[in-house]
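Proteins get letters first, then strands, A, B, ... in listed order; numbering begins at 1 in each. Values in this document were obtained by computation on a predicted structure and should not be read as measured data.
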2 protein chains.
Amino acid sequence: MALGKDYATQECSIASALEVIGERWTLLVIRDAFYGVRRYNDFLVHLGIPRAVLASRLQALTAQGILEKRRYQQSPPRDEYVLTDRGIALWPTLRALGVWGREQLTHRKLRIFRHADCGTELGPFSECPACGTVVAVPDVEIVPGPDLNRDPADPVSRALLKPKRLLQPVEADAA
Amino acid sequence: MALGKDYATQECSIASALEVIGERWTLLVIRDAFYGVRRYNDFLVHLGIPRAVLASRLQALTAQGILEKRRYQQSPPRDEYVLTDRGIALWPTLRALGVWGREQLTHRKLRIFRHADCGTELGPFSECPACGTVVAVPDVEIVPGPDLNRDPADPVSRALLKPKRLLQPVEADAA
DNA sequence: GACTGTAGGTTCGTTCATTGAACCTATCGG
DNA sequence: CCGATAGGTTCAATGAACGAACCTACAGTC
């Protein structure tokens with residue numbers, strides 16, 4: 001990988017992790033996968049990422065066992081990319097990053113994460129204050145926060161305005 | 001910043017965070033700062049980072065309020081870089097990354113984090129299982145794990161073999 | 001007072017990655 | 001047959017990272 005040459009000598013699991021997910025765009029691709037984005041074109045319009053870079057990242061993440069490439073229709077052949085268990089294990093990292101970004105940088109509540117079972121807003125570690133447990137990723141509900149723009153340009157962002165659970169596929173109609 | 005042009009349009013606190021700490025080397029510099037590295041030369045030998053890149057990252061992190069540049073001796077003028085509160089708030093992110101890297105990639109226990117007050121090894125969110133609380137960063141003790149090389153080449157790595165608390169300065173003698 | 005060493009940089013040419021536009025392939029609907 | 005759609009690849013131009021060399025200011029030592 002791109003970062004490997006130097007990071008590899010560092011005896012450190014953080015460095016190893018960054019070798020795999022530390023490249024530009026990579027974590028945003030994974031974030032979108034949590035939000036339910038699965039198709040090449042949906043990643044493309046939602047992220048505004050160059051096509052070549054997206055193809056390269058999807059391939060690398062698949063090779064690392066973070067995403068799985070899955071044929072969802074035979075003809076014409078179409079593939080989708082979904083998170084593996086290894087990918088889903090990144091949720092605490094993404095959550096921590098998001099909390100830091102909100103508290104230290106944006107100070108805006110763009111999205112709210114709730115426990116789907118009871119509707120309680122989750123704490124910084126994705127724990128449910130009401131139930132007292134860490135909520136499993138498929139039981140996390142994501143809803144737009146008060147500071148999120150309600151009229152986004154691209155269809156994927158529009159589809160993401162509907163409350164849904166993490167990992168559940170978005171339905172981005174042409175609209 | 002380098003990443004800003006594209007990430008800025010993303011209404012997302014994760015994207016905002018990555019704008020600030022998502023560049024190559026940046027998170028490793030911050031990790032070292034948690035481990036007690038404070039001086040330009042110590043970062044240099046410990047990370048193996050090009051000098052120009054280090055200077056640029058230190059400057060950017062200082063400008064973002066994540067590190068603070070502090071004169072620790074007047075003549076000759078010498079500065080050190082220490083984490084601000086905003087920087088310290090990144091600990092959960094770094095911890096989550098490290099846990100993921102260890103569990104999913106390296107499968108090796110390179111460093112152990114303990115509650116300095118009671119010696120209990122910390123859980124994935126830096127919480128103390130014995131005390132039932134999230135441990136404040138200055139109360140986290142870092143000790144070498146069983147899989148860490150005991151005879152590293154550079155003096156900073158050697159100094160880091162001694163158990164110490166996070167944020168406490170390393171003493172890297174020439175040795 | 002001339003050397004040597006150290007901390008903290010800057011400069012510069014080369015290499016590598018990212019970008020954005022254009023192009024390619026296969027298939028479906030009409 | 002024509003156009004649209006999904007999922008790519010190719011290519012030239014740009015920007016960032018790399019590593020070596022250089023610079024500055026001071027301290028200690030002979």
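At the phosphate of C:dG8, OP1 or OP2 sits under 4.0 Å from a side-chain N or O atom of B:Y72. Checking the phosphate oxygens (OP1, OP2) of D:dC18, a side-chain nitrogen or oxygen of B:R24 falls inside 4.0 Å. Side-chain nitrogen and oxygen atoms of B:W25 include at least one within less than 4.0 Å of the OP1 or OP2 phosphate oxygen of D:dC18. Regarding contacts with the backbone of C:dG9, a side-chain N or O of B:Y81 is found under 4.0 angstrom from either OP1 or OP2. A close approach under 4.0 Å does not occur between any side-chain nitrogen or oxygen of B:S75 and OP1 or OP2 of D:dA25. Applying the 4.0 Å criterion to OP1 and OP2 of C:dT19, one finds that A:R51 has every side-chain N and O outside that range.
Side-chain atoms of B:P76 lie closest to D:dC26 of the nucleotides D:dG8, D:dC26, D:dG19. Here the side chain of B:R57 is nearest to one of D:dA17, D:dG7, C:dG8, namely D:dA17. Picking from C:dG9, D:dG8, D:dG19 the nucleotide with the shortest atom distance to the side chain of A:Y40 gives D:dG8. Residue A:R78 has its side chain nearest to C:dA26 when only D:dT10, D:dG19, C:dA26 are considered.
C:dG9 atom P lies 4 Å from atom NZ of B:K69, rounded to whole Å. In this structure, A:D79 atom CG and C:dA26 atom P are separated by 15 Å, rounded to whole Å. Rounded to whole angstrom, the span from the CD1 atom of A:I49 across to the P atom of D:dG7 amounts to 15 Å. Residue B:E80 contributes atom CD, which lies 12 Å from atom P of C:dG9 at whole-angstrom precision. Atom CG of A:L67 is separated from atom P of D:dG7 by 14 Å (rounded to the nearest Å). The nearest whole Å value for the distance from the CG atom in B:D42 to the P atom in C:dG8 is 8 Å. One interatomic measurement links the two molecules: CG of B:L54 to P of D:dA16, which rounds to 18 Å at whole-angstrom precision. In this structure, B:R71 places its CZ atom 16 Å from P of C:dA7, rounding to the nearest Å.
Counting non-hydrogen atoms of neighbouring residues, nucleotides and ligands closer than 6.0 angstrom, the CG atom of A:D85 reaches no more than 12 such neighbours.
The backbone N or O of B:N149 lies less than 3.5 Å from a partner atom in the side chain of A:E11, making a donor-acceptor pair. Listed for the B:T120 side chain is no donor-acceptor partner under 3.5 Å among the backbone atoms of B:H115.
Sequence order on DNA chain C of the closest nucleotides to A:P77 and A:A52 puts A:A52 first from the 5' end.
Hydrophobic clustering (ILVMFWY, side-chain heavy atoms < 4.5 Å, transitive): A:L27 and B:L27 are in one cluster.
B:V53 comes within 4.0 angstrom of sugar-phosphate atoms only, judged by non-hydrogen atoms across all strands, and of no base.
Residues A:Y40 and A:R78 have side chains that never bring a donor and an acceptor to within less than 3.5 angstrom of each other.
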